[in-house]
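First the proteins, then the strands, lettered A, B, ... as listed; each starts at 1.
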Amino acid sequence: MAQIKIFGYADKISVKPGDTIQFHVSADGTSTAEAHLVRLIHGDEHPHGPGFIEEEIDCVANGTWQVEKQFTQVGAFLEATDPDRKLALDGSITLCAFIWPTWPDVGHRQCLLGRWDNDRNHGYGLGINPSGRLEFWVGCGNEIDYLQAELPLQKQAWYFVAATFDARSGRATLYQEGVVNRYNSLLSKVAPVEYRSHVSEMFRFRQNNLPDTPFLVAGSRDWHALRGHFVSQLYCGKIDRCGVFDRALAREELDAIRAGGKPPSDGMVAYWDTTKGYTDRGIGDLVIDIGPNQLDAKGYNRPVRAQTGYNWNGRNDCFRLAPHEYGGIEFHADAMIDSNWKATKTLELPETLRSGAYAMRVRGGDGEGLAEEYIVFFVRPRTPTARIALLFSTATYLAYANERFATDGQIVQPMAGQPPTISEVDIEIYENPEFGAGCYDTHADGAGVCYTSYRRPMVNMRPKYRIAAFDLPWNFPADLSILAWLEHKGYEYDVLTDEDVHLEGVAAMAPYACILNSTHPEYHSERMLDAHEDYIAGGGRFICMGANSFCCNVAFRDDEPWIMECRKTGGHWIAWAARPGEYYLATTGQMGGIWTGFQRWGQKLVGNTFAGEGFAHSQPYRRMPDSYDPALAWITEGIEGEIIGDFGLGNGGAAGIEIDCYKLGFGTPPNTKIIASSGGHPDNYIAHDEEGAHAHQGFSGTHNYILRADMVYFEAPNNGAVFATGSIAFGSALPVNGFENNVSQLLSNVVDAFIRPGPLSGSNTTRKSTAGLERVAP
Amino acid sequence: MLPLEYDRSEDRDIIVRDRFDGLRREFLRTLVNPEVIEEHRQLPLGQHSERLERLLIYFRQRPLEQRYAVRAIEPFRRYQVVKLSGRRGVPPRLIDDAIYTSANDARHGLFLRCIRDLLET
Ligand SMILES: [Fe+2]
């Protein structure tokens, strides 16, 4: 019997009672599964904590579900909209494109453009053959004629390539010329490399077009008995402007296109101007055909736009400045942003559901190991009632989705100060590209992954999961320790997600007197960051529970909030680096990278941000003199001695893993106090000091006081206030000793004060309130 | 140092890397002693002596296909030591039948394996 495996996802991440949610499940080795709605309370199974806690919830969807194996189309490509089959060309033909292959020697055929059925061998195509050479082919079912270039293509070099075919004579010609300039390719002209190839041959056969074959760019149609039609021969690399003609273009005509001239209208069937339709606010998935038939092509699995084109000359760094130099569309054979599985179950959520973190638990067979799935989603109240909200960092969950860096990341072991601890599900996603990657991974062709989505199973957004690289609950499962603490202390709270804050702005936060965020609030769109700033300035009281806070700039489209774009640039702590000239988010036209690059350091918002990271070992905090200020004594009330948090489920201390510090030069509000601070972290903690931009000996934990978690507090206008822990490990210290410990005590002191109406005790009440800012919390 | 066999790979960087590695290993072998091994057994994670840190930094920097990892069969109960493939999509392979009852024990088993590799080559 085959091993039972269950994986699934929901179409939404944030819902309200009464909303409809769809669950998409794929199963191996079983046709039925037992489903049960659960409310999640604690997700860390560490023996020194309360263990995994869930609460079963009645709902009509509970029971046996019919499940089946579902298939996933991986790989990015374009499909031309061609209802009248204008591209089913039976006679003469020219195909041309600017290309920048990233993996010509992958060893299997890659289709650049064509109307080719790879299963039945019908149609025509221009591609790269298994020996890495440009190839043109036509097929009529039984027979295929091929013509290949004399030499393999160079990787990361711009070429103009074309194939012409004269159907009357049968003459097929390949045209291949490098269009390498000083900036656009890997090599300069000092490298004695041959790019050019021109070959010609008489074909015996003519193409025969099947009626329903799609014209694709970066792939070709295929078929499998269980799956039906799918796309194979996926291409890795960039394609700039490309076209199709119904006659064989002359060499001089091709030379003219290569030189940047307008393509001839005579015989033009389609010409996709990849730079067309750009706006100052971003680029969509539609690639415009400027030919007579308007056969616009639609991107699948989000081909990466806003990439440098064949004529990029290094002067401009953004598609907004010079759209015509940014015609590159980048394709990856393993891109995946939506599993597109059939819905297994649709559920109208009970009206009585309280706000919280929920999951549909789906079990096949004995429900052990891979036979158990938790499809996580968050329920907000229909109308906010609690004074507290717990804000889950769903943008960070998306960034880390299905990361594989324990097995593929060179830097991970030195960074983590330990070998990885790999579990069965890590191996499952490692072997199967269908799960898609996260923004910490690279594509198999070496490029960084810049799109991630929750419309696919996210095995690390589950309770109980431990991240392989660090052997810790990471992000969502760690954040449940904060939720469990709120439950244990009996606070009434609602939950919010990053998605709500992105879509609704400060309005999503305003109803709450106090908001606690997560252990790792790293990724924020501009709108999210603005909402936080307005909430705090408007009188909101904010507890930043984690670290690495407010560091990275990401973007979402309003109509597809399940997909996030992330370009990595700036800082010396990023998983990959965007290529020169490719720093801007195609989604919004804004520069990507870290908020430091915009003069919006996390310190400006919550008083501290990223000092560094090191993972393997955590430290306690020591109280600082500010904690003894009588005006602030309420924060540490009931705490004996100087040491806070010399325990924790996150490597034995409340300060560690990733840590944030105070810095006036990065905009920490001048009235900020440091209540407690850690330090003396091991040397695998390295400072990510954006100010000391030059790395040197002594950057590491035992040598460098900057490597510390600062617990900071400041008052904001309109009775607002911020408390920030500066440590990812803080949340995991809360559950120790049945939630009775000095970290828990301290957090209670802060929450109690923050939800109490009126000014904070010890606050400078004579201070004038800032004009023009509206109070959002009582 | 023995001359390395002539390497025909396209990336000449690997030749230099391996030469450097040879020198580094020669030195690192002189650091191995029973105290270092005992120190690691007692505290696999965290700040270590200079000697042990140098060895650990080296082990963590090996090319991926020469690195080991811990495999959690059952978190907090049963662990094994595996070796990474270094090839994308190819899972780590088991190197022996030893079962460890804590992650730290497995980390130490892995460390002993690295020490053996260092001393034997
Ligand atoms: Fe992070």
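Interface residue A:T702: only side-chain heavy atoms are found under 4.5 Å from chain B. For A:S700, no part sits under 4.5 Å from any heavy atom of chain B, backbone or side chain. Residue A:A416 does not touch chain B at all, counting heavy-atom pairs closer than 4.5 Å. Residue A:D441: no heavy atom, backbone or side chain, is found under 4.5 Å from chain B. Neither the backbone nor the side chain of B:I57 comes within contact range of chain A, judged by heavy atoms closer than 4.5 Å.
In this structure a side-chain-to-backbone donor-acceptor pair under 3.5 Å is missing from A:E424 to B:I73.
Of all the heavy atoms in A:Q418 and B:R60, the pair that sits closest is N-NE, 3.6 Å. Taking all atoms of both residues into account, the shortest heavy-atom contact from A:P419 to B:A69 is CB-CA, 4.5 Å. Scanning both residues, A:E431 and B:P91, for their nearest heavy atoms gives OE2-CG, 3.3 Å. Closest non-hydrogen pair, A:G409 versus B:L64, comes out as O-CD2, 4.1 Å.
Taking CD from A:Q410 and CZ from B:R62, the interatomic distance works out to 11.0 Å, rounded to the nearest 0.5 Å. Expressed to the nearest 0.5 Å, how far CD of A:E45 lies from CZ of B:R77 amounts to 8.0 Å. From B:E50, atom CD reaches atom CG of A:D683 across 9.0 Å, with rounding to the nearest 0.5 Å. With values rounded to the nearest 0.5 angstrom, A:T407 atom OG1 is found 9.0 Å from B:R88 atom CZ.
For the set B:F76, B:F59, B:Y79, the count of heavy-atom pairs under 4.5 angstrom toward chain A peaks at B:F76. When each of B:R71, B:R67, B:H48 is checked for heavy-atom pairs under 4.5 Å with chain A, B:R67 comes out on top. Heavy-atom pairs under 4.5 Å with chain B peak, among A:K464, A:H443, A:H681, at A:H443. Between chain B and the options A:A406, A:P414, A:S423, A:P433, the largest number of non-hydrogen pairs under 4.5 Å is found for A:P414.
Residue A:K155 qualifies as open at atom NZ: its count of foreign heavy atoms under 6.0 Å is 12 or below. Shown here is B:R87, whose CZ atom has no more than 12 heavy atoms of other residues, nucleotides or ligands within 6.0 Å. Open room surrounds CZ on A:R622; 12 or fewer heavy atoms of other groups in view lie less than 6.0 Å from it.
Within residues 94-115 of chain B, the residues having any heavy atom closer than 4.5 Å to a heavy atom of chain A are B:A103, B:R107, B:L110, listed by residue number.
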